[in-house]
Amino acid sequence: MKKTRLDLMPVLFPTPVVLVTCKDPSSQPNIITIAWTGVVNSKPPMIGISIQPIRYSHKLIRASGEFGVNIPTREMLRVTDYCGSISGRRVNKFETTGLTAFQGEKIAAPLIEECPVNLECKVRHFLTLGMHDLFIGEILAVHADKDIVDDTGHIVPEKMDPVAFFSRPLEYWSLREKIGTYGFTQGKL
Ligand SMILES: Cc1cc2nc3c(=O)[nH]c(=O)nc-3n(C[C@H](O)[C@H](O)[C@H](O)COP(=O)(O)O)c2cc1C
């Protein structure tokens, strides 16, 4: 196959899209849409979110040292895009979207009821990278809608219906189908 050189950019597609909730002691709760996110450690469970310093949410998470990660469904695409196109400095996004806030157990920022999975995170590391700053949060509590969890306590992917993001050409995609199970080759091709 003939290859072509592309401009330098973080071409690691797709990434998840999440709604990060945050608040500091003097603020209303806020929601920011984040695509620069991923798992960075298993034990203790940790995820990273990268946020530009100009974002209102950056200030809130810096001040509070905590954030919620809420995984939206395809049905929530409009509110997901909206929370990534307007600042909490101007509007209360819980009010304008009508999303329902619920209180977790470990952090002061509320979580989003309509999202089937919600993680409560405390910031353990902070790294300045350039255009974005990386917050690495330890997951202290995981909540999931009962109807997407099987008898063994695991999330059933097809019941979750998450959104994937391609940062070029800036598109949202849904996941299609299961194509394998981890380790199914058992080391044999
Ligand atoms: C799909 C999508 C993904 C985004 N991902 C990020 C991200 O990873 N980091 C970031 O700083 N901004 C990201 N943004 C932009 C912020 O969500 C947007 O600027 C938001 O309005 C900031 O809200 P705030 O000022 O209330 O914090 C994304 C926007 C969209 C629509």
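Whatever order the structure lists them in is the order used to number ligands and atoms, beginning at 1.
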Could you tabulate the donor-acceptor pairs under 3.5 Å formed by side-chain atoms of residues 180-187, not counting sequence neighbours?
{"residue": "Thr185", "atom": "OG1", "partner": "Gly187", "partner atom": "N", "Å": "3.4"}

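- A donor-acceptor pair under 3.5 Å links the side-chain atoms of Thr37 to the main chain of Gly48, judged by distance alone.
- Cation-pi contact between Arg168 and Phe13: absent, since separation from the ring centre below 6.0 Å together with deviation from the ring axis within 45° is not met.
- For ligand 1, residues of the protein lying within 4.0 angstrom by heavy-atom distance are Asn30, Ile32, Thr33, Ile34, Ala35, Trp36, Ser50, Ile51, Gln52, Arg55, Tyr56, Ser57, Cys83, Gly84, Ser85, Ile86, Ser87, Gly88, Lys93, His132, Phe165, Tyr172.
- For the salt bridge (charged side-chain N to carboxylate O under 4.0 Å, His left out) test, residues two or more places apart in sequence or in another chain that qualify with Asp161 are Arg74.
- Residues Met46 and Leu134 share a hydrophobic cluster, clusters being chains of Ile/Leu/Val/Met/Phe/Trp/Tyr side chains in contact below 4.5 Å.
- For residues 106-125, the pairs satisfying salt bridge (charged side-chain N to carboxylate O under 4.0 Å, His left out) are Glu66-Lys122, Arg124-Glu138, with sequence neighbours left out.
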